[in-house]
Each structure stands twice: as C-alpha cells, then as structure tokens.
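Note that these values count all heavy atoms, side chains included, but never hydrogens, waters or copies made by symmetry.
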Amino acid sequence: MREFQNAGSVIRVEMVRCGYTSESLCEATEISPTVLRDILTGRKTSISTRNICAMARAFGFSASEFIDLLSGAVGFPPYTTE
C-alpha cells in the first residue's frame with residue numbers, strides 16, 4: 001500500500017478528463033464503490049498496488065506514471081476538449 005495525501009483530487013480530475021463517473025470507474029477497475037468513495041473523500045490515503053494499476057490503466061497511464069501523478073512528482077497532462 002502506498003500513501004497519497006491528495007489522491008482524491010487527482011483521481012477526480014482524471015475521472016473528468018476520461019469521462020468516468022464513480023460508478024463507471026468502479027465497473028472499469030473492479031474497485032469497490034466504498035473503497036473509491038473513501039479515496040475520493042480523503043478518508044483513505046493508502047491505495048493498494050492492485051487499485052493503482054487498475055486506475056492507471058483506466059486513465060491511460062503506466063503504473064509508474066500514475067504513481068508520479070498521485071505523489072505530485074509530475075503535473076497533470078495537458079487537457080484538451082477536442
């Protein structure tokens with residue numbers, strides 16, 4: 001498990017960018033709605049490797065790229081509305 005203090009806000013931005021609702025992200029990643037809600041609200045700051053990898057795939061990142069994004073090591077990718 002890795003600790004990420006701002007994971008909820010990062011994941012919310014990626015959900016908007018990729019067009020996911022909480023429900024559709026849970027379906028795509030097989031993450032339980034309770035776990036996702038706890039991450040999004042900040043009640044849970046530790047995220048399992050399995051869930052990091054599942055969200056990374058859903059958002060189009062490698063696991064290491066997504067970890068860098070969650071940890072603040074890199075900024076958000078450019079967002080275009082084409």
Shortest non-hydrogen separation from [X] to [Y] and the atoms involved:
X	Y	value
D38	T41	O-OG1, 3.4 Å
S71	F4	N-CD2, 3.9 Å
A63	I52	O-CG2, 4.4 Å
A7	I39	CB-CG2, 4.2 Å
E3	S46	OE2-CB, 3.2 Å
T21	S24	N-OG, 2.8 Å

* To do: Kindly indicate, with the supporting measurements, whether the criterion side-chain hydrogen bond (donor to acceptor under 3.5 Å, both in side chains) is fulfilled by S62 and S64.
  => CA-CA 5 Å; S62 69; S64 64; 3.3 Å; yes

Spacing of [atom1] belonging to [X] relative to [atom2] belonging to [Y], to within rounding of 0.5 Å:
X	Y	atom1	atom2	result
T29	R57	OG1	CZ	9.0 Å
I31	N51	CD1	CG	4.0 Å
E14	L25	CD	CG	10.5 Å
C26	R37	SG	CZ	9.5 Å
C18	I11	SG	CD1	12.0 Å

* Determine whether L70 and M55 make a side-chain contact, defined as any pair of heavy atoms from C-beta on separated by less than 4.5 Å. =>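 Counting from C-beta outward, L70 and M55 never come under 4.5 Å.
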
* Asked: Mind checking whether F61 and F66 have parallel, tilted or perpendicular rings, split at 30° and 60°?
  ->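 It falls in the parallel class, under 30°.
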
